[in-house]
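Below: one structure, written as structure tokens.
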Amino acid sequence: MTITSLLDPIRREQGCRSYRCFRVTGEKDSFVLIGEWETLSDWDRHVHSEHFAILSGSQKLLSPEKRFDFKLLSPFDEPVTERSRNEHN
């Protein structure tokens, strides 16, 4: 199973608005995954899902020295609460 083959199943997860994969220009083994979720609970459910476990395991096998770096983002027009800022740190 490849990273791209996981995208469609992830996109069908509850609360997933969008899930896209980008290659970092000039870095052949670097990718950026951007997911947009309806709620923090939907995102948390995804992080604990089988799809995410497969994605994480694949990343560790392909590049053990690399790691996931999560950034929880909010649109400018939505206020960031202390809960959303600290919940996943």
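Two residues are said to be in side-chain contact when any heavy atoms from C-beta on lie closer than 4.5 Å; Cys16 and Glu36 fail this criterion.
If you chain together hydrophobic residues whose side chains sit under 4.5 Å apart, Ile10 and Val32 never meet in one group. In the hydrophobic clustering of ILVMFWY residues, with side-chain heavy atoms under 4.5 Å counting as a link, Leu7 and Phe31 come out apart.
Atom NE2 in His51 sits 9.5 Å away from atom OG in Ser5 (nearest 0.5 Å). Note: Gln14 CD to Ser41 OG = 9.5 Å, rounded to the nearest 0.5 Å.
Side-chain atoms of His48 come within 3.5 Å of backbone N or O of Asp44 as a donor-acceptor pair. Not a single donor-acceptor pair under 3.5 Å links the side chain of Ser56 to the backbone N or O of Phe52.
Across Trp43, Tyr19, Trp37, a single residue satisfies side-chain contact (heavy atoms from CB on, under 4.5 Å) together with Glu13, and that is Trp37. For the side-chain contact (heavy atoms from CB on, under 4.5 Å) with Cys21, the lone residue among Ile34, Leu6, Leu33 that qualifies is Leu33.
The nearest pair of heavy atoms linking Arg11 to Arg20 is NH2-CA, 4.2 Å.
The existence of a salt bridge linking Glu38 and Arg17 is confirmed by a sub-4.0 Å separation between a basic side-chain nitrogen and an acidic carboxylate oxygen.
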